[in-house]
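Note: hydrogens, waters and symmetry copies are ignored here, and every other heavy atom, side chains too, is used.
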Amino acid sequence: QVQLVEFGGGLVQAGGSLRLSCAASASARTFSTYRMGWFRQAPGKEREYVVTIRGNGDSTFYADSVKGRFSISRDNAKKTVYLAMNSLKPEDTAVYSCAAAPGSSGSYVYWGQGTQVTVSS
């Protein structure tokens, strides 16, 4: 069982920036094999895919809604994945959760509890 804990949410004005972190309880070696993703869920809406990054960090895939504004990265030695969010918009307001998927093509099986990001206009 792998536990994921997110940090860094908060309240920010439109146009501002935040950086989220997601720390995993897995070993560094195991963590490096996981594909990691960020998802978000706004009140009354379905959970939305944001971005994913492969285990070695060489491939990333962004949702169109965040492309060019958000950036994902990972530090496998620290067992942590990051989400840098710039040019934030009120519509980015949501609970952001990280998730881990064993391998490059498996389903996300481990989920964090999420951190609230609120963007005021």
Subject >> Verdict with supporting geometry, Asp75 and Tyr82, side chain to side chain contact (heavy atoms under 4.5 Å, CB included) >> reply: CA-CA 8 Å; Asp75 186 331; Tyr82 306 96; 4.1 Å; yes

Subject >> Spatial distance of atom CZ (Arg40) from atom CD (Gln116) [nearest 0.5 Å] >> reply: 12.0 Å

**OP:** Determine whether Val117 and Tyr49 fall in the same hydrophobic cluster, where Ile, Leu, Val, Met, Phe, Trp and Tyr are linked whenever their side-chain heavy atoms lie under 4.5 Å apart.
**Re:** no

Subject >> Which atom of Ala99 lies closest to which atom of Phe39, heavy atoms considered >> reply: CB-CE1, 4.1 Å

Original post:
Closest heavy-atom contact between Ile72 and Val51?
Top reply: CG2-CG2, 3.6 Å

Original post:
Quick one: does Asn76's side chain have a donor or acceptor within less than 3.5 Å of a partner on Asn56's backbone?
Top reply: no

Subject >> Same apolar cluster: Tyr96 and Trp111, side chain cutoff 4.5 Å >> reply: no

Subject >> Closest contact, heavy atoms only, Leu4 versus Cys22 >> reply: CB-SG, 4.0 Å

Subject >> Ion pair check, Lys89 and Asp92, cut-off under 4.0 Å >> reply: no

Subject >> Under 3.5 Å donor-acceptor, Glu6 side chain and Gln113 backbone >> reply: yes

**OP:** Over all heavy atoms of both residues, which pair between Ala42 and Ala94 is shortest? Give the atoms and the distance, please.
**Re:** N-CB, 3.8 Å

Original post:
Hey, does the side chain of Thr93 reach the backbone of Val119 with a donor-acceptor pair shorter than 3.5 angstrom?
Top reply: yes

Original post:
If you take all heavy atoms of Pro102 and Ser107, which pair is closest and at what distance?
Top reply: CD-O, 3.8 Å

**OP:** Could you tell me whether the side chain of Arg47 reaches within less than 4.5 Å of the side chain of Ser97, counting heavy atoms only?
**Re:** no

**OP:** Please check if the side chain of Arg74 supplies one atom and the backbone of Arg54 the other of a donor-acceptor pair under 3.5 Å.
**Re:** yes

**OP:** Check whether more than 12 heavy atoms from other residues, nucleotides or ligands sit under 6.0 Å from atom CD of Gln3, and answer yes or no.
**Re:** no

**OP:** Flag yes if Leu20 and Phe61 sit in one hydrophobic cluster, no otherwise; membership is Ile, Leu, Val, Met, Phe, Trp, Tyr, and two members link when side-chain heavy atoms are under 4.5 Å apart.
**Re:** no

Original post:
For the hydrophobic clusters of this structure (ILVMFWY residues joined by side-chain heavy atoms under 4.5 Å, transitively), does one cluster hold both Met36 and Val109?
Top reply: yes

Original post:
So do Ser21 and Lys78 actually touch side chain to side chain, heavy atoms under 4.5 Å?
Top reply: no

Original post:
Heavy atoms, side chains only, cut-off 4.5 Å: are Tyr108 and Arg35 in contact?
Top reply: yes

Subject >> Connected via hydrophobic side-chain network under 4.5 Å: Leu83 and Val95 >> reply: no

**OP:** Decide yes or no for Cys98 and Tyr110: does some side-chain heavy atom of the first lie under 4.5 Å from some side-chain heavy atom of the second?
**Re:** no

**OP:** Report the C-alpha distance between Phe70 and Trp38 in whole Å, list the side-chain angles of each, state the deciding distance to 0.1 Å, and finish with yes or no for ring-ring contact (aromatic ring centres under 6.0 Å, His included).
**Re:** CA-CA 11 Å; Phe70 290 13; Trp38 285 98; 9.9 Å; no

Original post:
Which heavy-atom pair separates Tyr34 from Ala26 by the least distance, and what is that distance?
Top reply: CE1-CB, 4.4 Å

